[in-house]
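A short write-up of the structure that comes next.
All chains are named by letter (A, B, ...) in the order of the sequence lines, taking the proteins before the strands, and each is independently numbered beginning at 1.
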There are 2 protein chains.
Amino acid sequence: MVTVGIKDVARRAGVSPGTVSNVLNRPERVAAATRSRVEEAIRELGFVRNGSASTLRAGQSRAVGLVVLDVGNPFFVEVARGVEDVVSDRDHAVILCNSGESPEKEARNLRVLAEQRVRGVLITPAGDDTSDLLRLREHGVAVVFVDHSASGDVCSVAVDDVAGGELAVRHLIEKGARRLAFVSGPKAIRQCSDRRRGALRALETSDLLPGDLTDIVVPEMNAHGGQLAARTLLDEGLPDAVFCANDLLALGVLRVLLQAGVRVPEDVALIGYDDIEFSSAAAVPLSSIRQPTYQLGKIATELLLDECDDPAGHAHQQIMFQPELVVRESSG
Amino acid sequence: MVTVGIKDVARRAGVSPGTVSNVLNRPERVAAATRSRVEEAIRELGFVRNGSASTLRAGQSRAVGLVVLDVGNPFFVEVARGVEDVVSDRDHAVILCNSGESPEKEARNLRVLAEQRVRGVLITPAGDDTSDLLRLREHGVAVVFVDHSASGDVCSVAVDDVAGGELAVRHLIEKGARRLAFVSGPKAIRQCSDRRRGALRALETSDLLPGDLTDIVVPEMNAHGGQLAARTLLDEGLPDAVFCANDLLALGVLRVLLQAGVRVPEDVALIGYDDIEFSSAAAVPLSSIRQPTYQLGKIATELLLDECDDPAGHAHQQIMFQPELVVRESSG
DNA sequence: CTGTTAGCGCTTTCAA
DNA sequence: TTGAAAGCGCTAACAG
């Protein structure tokens, strides 16, 4: 095992360690000839800068944390892509963490990120208690909420989920649905409660009553959760239409319904949320609510890094996008 | 911005910094009373250990790197789940990197991981030149190949892709296919070339000739690549059956074929690879080759951490799983 | 433009 | 069982 430090490089190039550090961090301050001598020594020796040492000395790293609810969900993968693109443009790294919708796992992830002294954290919170996050900020870690709208003194980039829920359910009602079901994950997840509120709002502007919407809550917002929900639906009597809080749930519901011989959309209309790529390729192409997913990640990261680069001159912003209805066969 | 160090904790608890460090790292060596006093001080002060400092001092971090070809591919997400489970059991962290099948991005990722002084790297290499990786090992970073079989002095966990390719194509031939196409990403990706070799082997054991298999190579192994391939197929004349190097490609092919009015499997039979969750829910449920994906990640990580914990007593292992044919409608 | 120097916060002998 | 002290490798003043 070889360990090459900045001193070894300095010796080899016949300069001081400080100069090597300058070549690494502020190359413009070093004479071209010296610089190339140092660069050659670095190459010859296979020197790799010790990130811990520079982070320790500089007081902060060149990494940001991204904490998502479910890495298995293509929605978050697309967000991550947006983050990654900006971050690597600015020569930083992303540490991707998965909270699996669990506040405990989220807290563990945040502890690790705090220990790593990341410059900032992009997070879709798993619960409604964001006090841990505010504590992070006191330690000098910037925070931006992703797919979650904040108030006042934090940046956030979100999509109007109430509007999205309303869009989905109004569409189902226009297609003739009178008895509806809403399939979602735990109510503590804001995306779920907001989309539900939107659904209720659509009911209000129709001749239906709140009681015409049945809630089915499952523990996880993935295809497995959807399958569970569909079985409940099958047991308790099918509604005219089902609105799922995301496409993964809808795909699971679709699968079980089709297996049971239920026709979609003839017997039951179905709509999901997020418009992930797989939805259009499903057994019955899935109607959904589309969000500017990549943009969410991209803009959130720009906000975060701007805040890190100039904390004083930074004004917190809350950005809210509008979602869009995509109609396909499942509700056509 | 608050900065609480180990010294502050020590002062508050009325002990020395060394004792605080012991509470953090070897609690059993500290008297119970002292320990709880220190723990209380930690809580009161909101102390978070500086990971850079401890990594610097200890010479290595408690993190491992995972470099995958495509985070957008559910196959790798499932691998990552296996990795994550083991790693968090052992109180380590994962730094997840995406090479996007590009050796350049891979090299950048490896540099970052080397700077972070990760204990080890789990990687599915993007090219066939693994010399960068061997260099990593000289710097004391353990390496385990995932979904890629190595020889002799490195650990690897893989699935027999030649056997898988053979399984897929033999099945298509048994179903009556005489003219076949193989859709894959760049040949430099080992998964592609191995699966193709398997396909040819199946041809050999039949009455078909190598010329009966047409190669369609697309730049990216995702749904978009599949769509491209399908258009080529449509232009150049359809074969009886299509074997895709992964399910994402197959899903893309399926979509374009169906849009063009081609019936699957009546006009063209189709089989993918990986058996990702979405495949069974596709417009025409997709036949595929199943691999023990989660196990791949889990076992690779165990091998890696064992090597890190006891480099001397560690014997390198190459583990090879056998894949399994899953027949669904698309080739039924 | 380059060298010297003083730590960043923590771990880890070694003594007490 | 606890304390004192010596760095880990690097950066950022400051001097030259």
Q | 5' priority, DNA chain D, between Phe47(A) and Gly14(B) [closest heavy atom] | A |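 Residue closer to the 5' terminus by nearest nucleotide: Gly14(B).
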If you compare every side-chain N and O of [X] against the phosphate oxygens of [N] (OP1, OP2), does one of them come in below 4.0 Å?
X: Asn50(A); N: dC10(D); result: no
X: Arg29(A); N: dA12(D); result: no
X: Thr34(B); N: dT2(D); result: yes
X: Arg49(B); N: dT11(C); result: yes
X: Thr19(A); N: dT2(C); result: no

Side chain of [X] (C-beta onward), nearest among [options]:
X: Val15(B); options: dG3(D), dG3(C), dG7(D); value: dG3(D)
X: Arg26(A); options: dA12(D), dG9(D), dT12(C); value: dA12(D)
X: Leu24(A); options: dT11(D), dC10(C), dG9(D); value: dT11(D)
X: Ser16(B); options: dG3(D), dT2(C), dA6(C); value: dG3(D)

Q | Donor-acceptor pair between Asn50(A) and Ser54(A) side chains, under 3.5 angstrom | A |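 Short answer, no.
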Q: Could you tell me whether the side chains of Ser16(A) and Thr19(A) share a donor-acceptor contact shorter than 3.5 Å?
A: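 Thr19(A) and Ser16(A) do have a side-chain donor-acceptor pair below 3.5 Å.
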Q. Touch check for Ala31(B), heavy atoms < 4.0 angstrom, all strands: base, sugar-phosphate only, or nothing?
A.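 Answer is sugar-phosphate: Ala31(B) comes under 4.0 Å of backbone atoms only.
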**Q.** Arg29(A) CZ: over 12 foreign heavy atoms closer than 6.0 Å
**A.**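 It does not: Arg29(A) CZ has 12 such atoms or fewer within range.
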**Q.** Spacing of Leu56(B) atom CG relative to dT11(C) atom P, expressed in whole Å
**A.**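 For the pair Leu56(B) CG and dT11(C) P, the rounded distance is 11 Å.
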(Q) Which heavy atom of Asp70(B) sits nearest to which heavy atom of Asn98(B), and what is that distance? (A)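 Closest heavy-atom pair between Asp70(B) and Asn98(B): CA-OD1, 3.2 Å.
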